[in-house]
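To keep things clear, I will list the structure first and then write my remarks on it.
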There are 2 protein chains.
Amino acid sequence: MSTILEVATRAGVSHATVTRYFRKPDLLAPVTYQRVKEAVEELNYVPNATARALFTGQTDIVSLIVPAITSSFFTEMADGAEDKAHELGYTLTLGTTDKDIERERTYLEALISHRVDGIIITPGTDSVEHIELLKRHKIPVVLVDRQIKDTHVDFVGGDSLDAGVLLTRHLIQQGFKDIAFVGGEPGAWSLKERLSGYRQVMQSAGLEERVYLGSYKPECGKKITTNLIQEDQLPEAILAASSRVILGIFNALREYQLRVPEDIALTCVDDVAPASIINPFLTVVEQPAYHIGQMAMQCLVNRIKGSTEPPDTHILPVELIVRRSSIKSERLHIS
Amino acid sequence: MSTILEVATRAGVSHATVTRYFRKPDLLAPVTYQRVKEAVEELNYVPNATARALFTGQTDIVSLIVPAITSSFFTEMADGAEDKAHELGYTLTLGTTDKDIERERTYLEALISHRVDGIIITPGTDSVEHIELLKRHKIPVVLVDRQIKDTHVDFVGGDSLDAGVLLTRHLIQQGFKDIAFVGGEPGAWSLKERLSGYRQVMQSAGLEERVYLGSYKPECGKKITTNLIQEDQLPEAILAASSRVILGIFNALREYQLRVPEDIALTCVDDVAPASIINPFLTVVEQPAYHIGQMAMQCLVNRIKGSTEPPDTHILPVELIVRRSSIKSERLHIS
DNA sequence: TTGTACGCGTTATCAG
DNA sequence: CTGATAACGCGTACAA
């Protein structure tokens, strides 16, 4: 851990010259350059980014805060964000908030303290409080997956309204009438959109809506489904708010030995990435998660570099992928 | 982004007093405390961790470098590491190296420059070079999943030898004789162990070994399997080196309309987390990934805090989970 | 082309 | 209990 001064001394120059060696090498005389170079190598000198940050006011660190890294959507999203961050020369920080919503606050404070250059966040609540906090500290923010109204910041996410529409329409086309919407964070933008897509289609088909909200967590899906089973209210088909919710639904169904799609049809928003390769089974609407991550990072960096464009809202198209879990005719073929 | 000096001025005290307000509040007279408190709140002051780091030499940042965050093992591992880091008051940085091994170098240099307090890494190669680099800079390191011999650092990983043994033995018990080992990074410790577990069991059973290495990536599984199919050399059963490799294997099999387990039995190391809930299908050896992440982080922080114990090697037990993909009798039952 | 001096925001020491 | 002061390592005017 040598310092710039040690390098300077060893090379017989001033520390300003060593700085120039890194920042503006052209300005150095060849001989000087060589001597500094040798000194740097001999001492394994690496400039101290912390010290530089103090001066420049830039840390070259950006952060990603998501509910859960184990959720396939966020895993892929993080992958895209990380790739883009690396490409643009930033170091990426990761924080998750789902296990304890208090963590969102803790993390933001730590990041503010560390003076990170910017933050990509999927907020846990629809409250503007945390966003305002970042604004006060002039830290650029990009929202992903969950928009917050009346807050002028960039947003990147999948077309959740369309997701709800596509899945509901598909289920109806399959001939299902009793279709329930299960799970989702009531306050979240993505939930509201998905739900409203569901409602639109149900209404125009003249079908009765059945909505059971809660959270995006697996436990939510499990609890709701268990209740429905116990009260003998299980619908013909379920549209799960997310891939995590559907995991809980599967758990509940399995406990009662119910089969998909023989006993109930299932669909959800977000593909469950590796599962779909091993055994393509679940009908889903896939969001371009990796792309969303990349785009969010690009947006963020644009802001960091000083872009003053009005806040952008990027809604990316989603895709319906029909597989066995929602096919009514499968009920005859199988078993 | 106010500074300690602005707070001091506003409170009518010196900046030293403001520091005390945060570090040793007891030392302040109640009146002073109040005045500082108000000033802090009015200005939304948050101490600058960067400046503090410059002085203390500690950034309170730790880093995680893995091949791919989209691999279920690493996703869970990262989750555990992140939880533990948060619990211990550290901010976690994430980097992936699989898409471009050059990135490992780039990342390490950035982290050295940022003077992170410590690094957890699953090295992409078995070379000691990068580890030595970190040692030179006196940055504590913990290895995960891939040990590197002759390098005295802590290691945490699953029992890969046992993983190989368990899966191979299981396949043999199922009555398979022509069992191939597919995929894996030849230089990686985990691969060597898994492979040697396979070999031990095959030898003592008097069966012929068939080994096809490559990498841990999906493409590797796909390529090898495709070759085997085209040369009509497909074995009765495959033991895939990892969950990512098996994804490629599935892809290849599907292209040729081959079914599992009817046409070939499949197993692998690492569970594919969400897939196993939706459709429990794959016989695997599960590693305690979350726990490994937690433990690695705890180890790292112990080192950071100055532990001088000799390097620890934590090999955690793994568990065989038998499911349909490797059951020979299924060949008769299904279609 | 190179060196000097100053400031970035903290913390710790040492007087007072 | 509180205030100066030096130091952490670096980058940039400005001067030479």
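Proteins come first, then strands; the chains are lettered A, B, ... in the order of their sequence lines, and each starts at number 1. Every heavy atom of this structure was used, including side-chain atoms; hydrogens, water molecules and symmetry mates were not. Everything quoted here is computed from the prediction, not taken from an experiment.
- OP1 or OP2 of D:dT2 has not a single side-chain nitrogen or oxygen of B:Ser14 nearer than 4.0 Å.
- Within a 6.0 Å radius of NZ in A:Lys99, more than 12 heavy atoms belonging to other residues, nucleotides or ligands are found.
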Can A:Ile292 and A:His314 be said to form a side chain to side chain contact (heavy atoms under 4.5 Å, CB included), step by step?
CA-CA 9 Å; A:Ile292 288 174; A:His314 300 275; over 6 Å; no

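- Atom pair B:Leu5:CG and C:dC8:P shows a separation of 9 Å (rounding to whole Å applied).
- Counting any heavy atom pair closer than 4.0 Å across all strands shown, A:Phe22 reaches no nucleic acid atom.
- Using a 4.0 Å heavy-atom distance criterion, B:Arg23 is classed as a sugar-phosphate-only contact.
- Of the candidate nucleotides C:dT10, C:dA12, D:dG9, C:dA12 has the atom lying nearest to any side-chain atom of B:Ala16.
- Put simply, NE2 on A:His114 is 15 Å from C1' on C:dG9, counting in whole angstrom units.
- Counting non-hydrogen atoms under 4.0 angstrom, B:Tyr21 reaches nothing in the nucleic acid.
- Residue contacts for B:Thr19: at a heavy-atom cut-off of 4.0 Å it reaches a base atom on one of the strands shown.
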Go through the steps to decide whether B:Leu64 and B:Met77 satisfy the test side chain to side chain contact (heavy atoms under 4.5 Å, CB included), and finish with yes or no.
CA-CA 10 Å; B:Leu64 179 64; B:Met77 201 270 273; 4.1 Å; yes

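- For B:Lys24 and D:dG3, the NZ to C1' distance is 16 Å, given to the nearest whole Å.
- Whole-Å rounding puts the A:Gln58 CD to D:dG9 P distance at 22 Å.
- Within the nucleic acid shown, A:Ala29 comes within 4.0 Å of sugar-phosphate atoms alone, with no base atom in reach, counting heavy atoms only.
- With hydrogens and angles ignored, no donor-acceptor pair closer than 3.5 Å exists between the side chain of B:His15 and the base of C:dG9.
- Candidate nucleotides C:dT10, D:dC10, D:dG3 were compared by shortest atom distance to the side chain of B:Thr17, and D:dG3 ranks first.
- Taking atom CG on A:Leu54 and atom C1' on C:dC6, their separation rounds to 13 Å, with Å as the unit.
- Distance, A:Arg20 CZ to D:dA13 P: 11 Å, rounded to whole Å.
- No N or O donor and acceptor, one from the side chain of A:Arg115 and one from the base of C:dG9, sit under 3.5 Å apart.
- Both B:Ala51 and B:Thr32 lie close to DNA chain D; mapped to their nearest nucleotides by heavy-atom distance, the more 5′-ward contact belongs to B:Thr32.
- With distances taken from any side-chain atom of B:Phe55 to the nucleotides D:dT2, C:dT11, C:dG9, the minimum falls on C:dT11.
- Residues B:Tyr33 and A:Tyr45 both approach DNA chain D. Their nearest nucleotides, taken by heavy-atom distance, put B:Tyr33 toward the 5′ side.
- Ring geometry, B:Trp189 versus B:Phe155: the interplanar angle exceeds 60°, so the pair is classed perpendicular (tilted spans 30 to 60°).
- Counting to the nearest Å, the P atom of D:dG9 and the CG atom of A:Leu43 are 13 Å from each other.
- A:Val18 comes within contact range of no nucleotide atom at all, as no heavy-atom separation falls under 4.0 Å.
- Taking the six-membered ring for Trp and the full ring otherwise, A:Phe73 and A:Tyr290 have centroids separated by 6.0 Å or more.
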Would B:Leu143 and B:Thr122 count as a side chain to side chain contact (heavy atoms under 4.5 Å, CB included) if you check the C-alpha gap in whole Å, the side-chain angles of each, and the deciding distance to 0.1 Å?
CA-CA 6 Å; B:Leu143 260 33; B:Thr122 296; over 6 Å; no

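- The distance between atom CG of B:Leu28 and atom C1' of D:dG3, rounded to the nearest whole Å, is 13 Å.
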